Amino acid sequence: MQEIRRQIAAEIQHALEEITGEAVDLPRVEDPPRREMGDLACTAALQVAKRLGRNPRELGQAVASRLSEQGVEGVLEFSIAGPGFLNMTLDRAAVLARLLDGFDSGNPDLGMKLLIEHTSINPNKAAHIGHLRNACMGDTFARIHRELGYAVEVHNYIDDTGVQVADVVIGFLDLRGESPQEVRDLPEPFDYLCWDVYTDISERMAEDTTLQERRRDVLLALEHGEGVVAEMGTVVVERIVARHIRTMARLDIAYDLLVKEGDILRLDLWSEAFERLKASDQVRLVTEGKHEGCWVMHLSGVKGFENLEEADKVLVRSNGVATYVAKDIAYHFWKYGLLERDFTYRRLRGLEDAIAAAPYESAGASGERMEFGHADRAVTVIDVRQAYLQAVVAQAFEVIGEHEACRSLTHFAYEMVALTPATAEALGIPVDEASAGRSFVEMSGRRGYGVKADDLISELGQRASAEVATRNPEMGAEECASTGAQLAVAAVRYFLLKYTRNAVIAFDMDDALSFEGETGPYIQYAAVRAARIFDKLSEELGRDVAGAVEGALAEGGDDPLGIRSPGVGERLASDDGELWDLILALGRYQEAIQLAADSLEIAVLAKYGFQLAQQFNRFYHSYPILQAADGADRALRVLVAYAFQQRLRDVLSLLGIPIPDRM
RNA sequence: GCGCCCGUAGCUCAGUUGGAUAGAGCAGCGGACUUCUAAUCCGCAGGUCGAGGGUUCGAAUCCUUCCGGGCGCGCCA
């Protein structure tokens with residue numbers, strides 16, 4: 001089906017070019033607003049007519065006549081409606097032939113390496129739902145690009161030398177008076193403990209200047225890797241990162257490499273990047289004014305920075321310490337293989353119980369040499385508030401003359417997750433006057449306001465598990481729990497992926513805990529239904545349905561269901577309901593993932609999955625399969641349901657949603 | 001102040017890059033389980049697409065001016 005759509009688009013393009021003598025973009029083949037208008041529609045003639053100043057209806061008519069005359073495989077009839085819409089009726093025999101050709105679509109190897117950075121949570125406290133949005137989007141974006149044929153490398157950047165870690169280090173050393181060894185031995189959940197330690201120290205830090213001075217010293221010690229401070233920093237970061245990896249593993253999110261910010265300095269990646277930058281006159285040492293003694297990147301007059309109050313961005317402070325953005329610049333130069341120096345690596349240990357393949361981490365000078373980086377394209381998933389800094393990083397590529405890298409570097413920006421006032425109140429977060437009237441309340445790690453990721457996943461799992469137990473009395477407690485966990489994954493991931501990037505998600509607990517309507521479990525339910533039908537049919541048939549269908553599709557294979565019988569084609573030709581609608585929906589798969597990839601809108605794919613499931617549920621209600629009137633009806637319905645099952649499996653796999661056996 | 005984003009049904013959101021009668025879910029009302037799982041399906045009701053002006057065959061979508069809201073503009077990360 002998707003091949004048919006693609007070919008039709010190419011034919012329309014060709015016809016338009018022949019008629020007008022002008023180059024024309026590959027047009028989009030869409031669904032008409034109402035089915036009576038046809039199976040497919042295209043507005044390309046209108047757009048081209050506008051550009052060339054021609055009469056749209058006439059141009060459309062010319063295209064329709066031409067295509068009708070020459071004939072296009074898969075299309076029975078072309079017609080023109082309104083101002084020049086090209087509507088098409090499909091040749092169902094051709095569609096059936098495509099269905100019978102099988103469903104595999106092998107991934108072409110594009111020979112392109114895409115490096116995706118996501119998650120990148122400050123390693124000083126438990127992950128909250130805002131972090132989950134980042135990770136879910138990044139993970140599905142990675143899955144989509146693997147499907148599209150990219151070599152994908154997923155990074156999680158660990159800021160192990162920042163203020164947030166420093167604060168928790170001070171909390172343990174100064175406030176709680178604990179040694180690194182004692183902290184190493186503290187019980188789990190360590191990230192929950194740190195959540196509170198961080199809140200506590202943040203409050204004190206705000207009004208205690210000696211603590212603020214202490215923070216400066218701690219930051220320096222962390223950066224240089226010296227003494228008990230650095231030791232504490234290592235313990236905190238290692239333990240928190242392990243917790244984050246486990247949290248994400250619950251949602252089937254994994255990484256290839258964790259890059260630690262400290263290693264960028266320790267291994268002199270920054271020094272090398274700095275030398276490159278200094279060669280340009282845009283990066284220079286300031287000798288007077290408020291930035292005296294700092295190395296800055298000069299941004300005035302640069303596209304995108306025209307209206308800055310402050311046209312200089314500090315890269316190296318007057319005390320010689322590189323800023324966060326400076327290290328990020330070095331990291332990004334390295335991502336594109338622009339630096340001579342490299343990290344060393346080692347496998348992250350102690351996660352064998354939680355994750356199949358533990359990620360590698362950067363390892364100072366002591367690890368082994370491996371091949372990471374050298375990307376053709378790099379995508380950074382960070383919320384929209386980082387847009388300015390991301391633009392500075394991109395500009396650094398311009399500064400060293402790497403225009404191609406600057407162009408391909410992408411900031412995957414998205415809006416924050418906040419809480420509905422009702423949910424905030426239920427969590428005991430004070431909702432002030434100003435927020436009360438608004439539609440959401442912002443989370444704050446510093447204040448400890450937020451919904452912890454693990455709490456949400458666990459709560460969902462428990463609710464789902466209880467529901468599964470009610471619906472399946474014969475199911476054991478263990479199976480209920482594991483099924484509940486699978487439903488929780490679907491609920492969380494779909495909830496965080498269904499919104500478009502720049503919508504602020506007002507997180508509502510009741511809404512998120514719902515399993516009905518537009519939710520992940522709804523989609524799972526459709527998949528389970530299809531599987532159950534095939535289970536029963538397999539029993540009846542005395543053989544595996546998938547095998548029977550695949551056998552029928554194979555050249556010369558046996559066909560116990562009669563899928564290749566002429567009756568099947570006749571039934572398809574005369575269908576005027578949800579069966580045909582489902583086939584049309586199946587054809588939009590390729591378009592959905594391509595659009596999701598190009599527009600950075602994961603929601604496009606999420607919605608497609610939902611719509612596909614919805615279409616199947618309608619089909620399910622009107623087209624009994626086991627009780628079909630005769631063999632031809634049954635064979636056709638099995639074929640369509642099977643095609644749906646295969647396709648939905650692909651979509652759910654991209655969304656990172658598992659398919660339970662029963663629910 | 002400057003920049004970016006948002007404003008669509010009671011609520012939460014889509015809207016295929018300017019197309020045909022603006023769609024989903026939730027909430028509400030009414031139906032469908034002796035039939036492949038009712039976590040489902042069908043129907044009803046619900047809209048001055050923030051407001052005004054403009055561009056054209058055609059605007060929720062593009063331009064512009066307002067109104068309302070969010071975010072960003074550190075020698076923090």
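Convention: sequence-line order gives letters A, B, ...; per-chain numbering from 1. Source: prediction; values computed, not measured.
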**Q** Tell me what A:Leu487 touches on the nucleic acid: a base, only sugar-phosphate, or nothing, going by heavy atoms under 4.0 Å.
**A** base
**Q** Considering non-hydrogen atoms only, spot the tightest contact between A:Arg215 and A:Ile170 and give its length.
**A** CA-CD1, 3.6 Å
**Q** Protein within reach of the bases, or only the backbone? For nucleotides 17-22 of chain B, mark each nucleotide 5' to 3' as B, S or -, using heavy atoms under 4.0 Å.
**A** BBBBB-
**Q** May I ask you to say what A:Glu415 touches in the nucleic acid, namely base, sugar-phosphate or nothing, with a heavy-atom cut-off under 4.0 Å?
**A** nothing
**Q** Mind checking what makes side-chain hydrogen bond (donor to acceptor under 3.5 Å, both in side chains) contact with A:Arg28, not counting sequence neighbours?
**A** none
**Q** Using the side-chain hydrogen bond (donor to acceptor under 3.5 Å, both in side chains) criterion, which residues pair with A:Gln61? Sequence neighbours excluded.
**A** none
**Q** Look at all strands and tell whether A:Gln164 reaches a base, only sugar-phosphate, or nothing, counting heavy atoms closer than 4.0 Å.
**A** nothing
**Q** Return the polar atom pairs (N/O with N/O) between nucleotides 6-9 of chain B and the protein under 3.5 Å, or none.
**A**
none

**Q** Need one value for A:Val296: base, sugar-phosphate or nothing, where a base atom within 4.0 Å counts as base even if backbone is also close, heavy atoms only.
**A** nothing
**Q** Determine the minimum heavy-atom distance between A:Arg133 and A:Tyr414, stating which atoms define it.
**A** CD-CD1, 3.9 Å
**Q** Does anything in residues 600-609 of chain A form a side-chain hydrogen bond (donor to acceptor under 3.5 Å, both in side chains)? List the pairs, not counting sequence neighbours.
**A** A:Glu518-A:Lys607
**Q** Need one value for A:Val286: base, sugar-phosphate or nothing, where a base atom within 4.0 Å counts as base even if backbone is also close, heavy atoms only.
**A** nothing
**Q** Categorize A:Tyr522 for me: base, sugar-phosphate, or nothing, with a 4.0 angstrom heavy-atom threshold over every strand shown.
**A** sugar-phosphate
**Q** Any chance you could encode RNA chain B as dot-bracket? Rule is Watson-Crick or G-U wobble with both distances under 3.5 Å; [ ] for pairs crossing earlier ones, | for another strand.
**A** (((((((..((((.....[...)))).(((((.......))))).....(((((..]....))))))))))))....
**Q** Partners of A:Glu292 by salt bridge (Lys or Arg N to Asp or Glu O under 4.0 Å), sequence neighbours excluded?
**A** none
**Q** Can you tell me which residue pairs pass the salt bridge (Lys or Arg N to Asp or Glu O under 4.0 Å) test with a partner in residues 617-628 of chain A, sequence neighbours excluded?
**A** none
**Q** If you take atom types as modelled and just measure distance, does the side chain of A:Ser318 reach the base of B:C75 with a donor-acceptor pair under 3.5 Å?
**A** yes
**Q** Using a cut-off of strictly less than 4.0 Å, decide whether A:Tyr623 has a side-chain nitrogen or oxygen near OP1 or OP2 of B:U35.
**A** no
**Q** Please work out if A:Ala387 contacts a base, only the sugar-phosphate, or nothing of the nucleic acid, heavy-atom cut-off 4.0 Å.
**A** nothing
**Q** Please list, chain by chain and in numerical order, all residues satisfying side-chain hydrogen bond (donor to acceptor under 3.5 Å, both in side chains) with A:Thr161, sequence neighbours excluded.
**A** A:Glu261
**Q** Rounded to the nearest angstrom, tell me the gap between atom CZ in A:Arg618 and atom P in B:G25.
**A** 7 Å
**Q** Sorted by first residue and then second, give each salt bridge (Lys or Arg N to Asp or Glu O under 4.0 Å) pair with at least one member in residues 530-540 of chain A; sequence neighbours left out.
**A** A:Glu540-A:Arg634
**Q** Can you name the side-chain hydrogen bond (donor to acceptor under 3.5 Å, both in side chains) partners of A:Gln386, sequence neighbours left out?
**A** none
**Q** Checking all strands, does A:Asn122 fall into the base, sugar-phosphate, or nothing category for heavy-atom contacts under 4.0 angstrom?
**A** sugar-phosphate
**Q** Can you name the residues that form a salt bridge (Lys or Arg N to Asp or Glu O under 4.0 Å) with A:Arg446, not counting sequence neighbours?
**A** A:Asp167
